[in-house]
Amino acid sequence: MRIATWNVNSLKARLQRIEEWVADMQPDVLCMQETKVSDDAFPSLTFMSMGYESAHFGQGQWNGVAILSKVGLTDVISNFAEGEPDTDARIITAMCGGVRVCSVYVPNGRSLEDDHYKYKLRWMAQLRRHVAAISSPDETVIVAGDFNICPTDIDVYDPAKFVNATHTSPPERDALAELMGWGFVDLFRVHHSEEKLYSWWDYRAGDFHQGRGLRIDLVLGTKAVADRCTWSIIDRNARKGQAPSDHAPVIIELD
DNA sequence: ATGGTGGCCCGGCCA
């Protein structure tokens, strides 16, 4: 079973590339973020014709998360299962082929002084509550998406540039550690411990070609998932060529 | 040190 996550940065702008990538990679489950469409405009028929059921939680212009599956898709939960609902469309959960899958788009944070940064930290705490409310650490659970947090300095092209910045601040990393402490493993790092492996590159200033990226797109899995995970990759080829997303997909394979 | 690119939808905001 192959599970992928991809911040597509607009479904409308990216649909052709997504179709090509899906046809090529054949994920059983694909989590998407930043679809930037309303539920009405979500192209479920396009994905159905490719063999996928889909669930989408969108709000139109901004945010929006989805799950595609060709191994079943049930028990859909849009937004947090518990507590104050988010006003943004940033999390959707479903059961796919025996795996409980959450597709998440964690708030960016903007800057350490911004209210959006406090919102990001609250959001991470709510995410932990969400997974604890709907599952337990001994189950088969995956949280995949754009976390907008680099777990460690080796996930940052130049850590000195990110002192007193979002994505690397200790409170953000603590919040991620809290979530992972519930019972998750960073599945990419199980297979790849080396530096300079990123999932996002700014569109500006040739950052992709200069290797200036961040690893902020994560697939977190419980032990039951990690035990079945045979490989994981970041498909940086998807960041090349005409009209790419600024994020590359992350893929994991389960036995 | 700054600004650069690209998405939204057409003037800035967001990333």
| query | Tell me: CD of A:Gln242 to C1' of B:dG6, nearest whole Å? | reply | 13 Å

| request: For B:dG6, take OP1 and OP2 only and decide whether either is under 4.0 Å from a side-chain N or O of A:Arg14. | output: no

| Rounding to a whole Å, what distance do you find between A:Tyr117:OH and B:dA15:C1'? | 18 Å

| task | To the nearest Å, give me how far apart NZ (A:Lys36) and P (B:dC13) are. | result | 16 Å

| Minimum-distance nucleotide (side-chain atoms of A:Asn9 versus B:dG7, B:dA15, B:dC8) | B:dG7

| Whole-Å P distance, B:dT2 and B:dG11 | 29 Å

| query | Which whole-number value in Å describes the distance from A:Trp200 CH2 to B:dT5 C1'? | reply | 11 Å

| query | Hey, what do you get for NE2 (A:His191) to CG (A:Leu197), rounding to the nearest 0.5 Å? | reply | 13.5 Å

| query | Closer to the 5' end of DNA chain B via nearest nucleotide, is it A:His116 or A:Ala205? | reply | A:Ala205

| task | State whether a side-chain donor-acceptor pair under 3.5 Å links A:Asp217 with A:Tyr198. | result | no

| query | Once you round it to whole Å, what is the distance between P of B:dC14 and CZ of A:Arg90? | reply | 11 Å

| note | In A:Cys31, A:Ser199, A:Pro249, the residue satisfying side chain to side chain contact (heavy atoms under 4.5 Å, CB included) with A:Thr5 is A:Cys31

| Nearest to the side chain of A:Trp62 - B:dG6, B:dC8, B:dA15? | B:dC8

| Taking the six-membered ring where the residue is Trp, are the ring centres of A:Trp200 and A:Phe208 under 6.0 Å apart? | no

| message | Between A:Arg17 and A:Asp24 (salt bridge meaning N to carboxylate O under 4.0 Å), is one present in this structure? | response | no

| B:dC9 and B:dC14: how far apart are their P atoms, nearest whole angstrom? | 15 Å

| message | Using whole Å, what does the distance between atom P of nucleotide B:dG7 and atom CH2 of A:Trp6 come to? | response | 13 Å

| message | How many whole angstroms separate atom NZ of A:Lys12 from atom C1' of B:dC8? | response | 9 Å

| task | Taking only the side-chain nitrogens and oxygens of A:Arg204, find out if one of them lies under 4.0 Å from OP1 or OP2 of B:dG6. | result | no

| request: Identify which nucleotide among B:dC8, B:dG6, B:dA15 has an atom closest to any side-chain atom of A:Asn108, counting heavy atoms from C-beta outward. | output: B:dA15

| message | Categorize A:Phe208 for me: base, sugar-phosphate, or nothing, with a 4.0 angstrom heavy-atom threshold over every strand shown. | response | nothing

| If you find the nucleotide of DNA chain B closest to A:Asn148 and the one closest to A:Gly60, which residue's nucleotide is nearer the 5' end? | A:Gly60

| Separation of B:dA15 P from A:Ile149 CD1 (nearest whole Å) | 14 Å

| request: Could you give the distance separating B:dC10 and B:dA1 at their C1' atoms, to the nearest angstrom? | output: 31 Å

| request: Would you classify A:Arg212 as touching base, sugar-phosphate or nothing, given that sugar-phosphate means primed atoms plus P, OP1 and OP2, and contacts are heavy atoms under 4.0 Å? | output: nothing

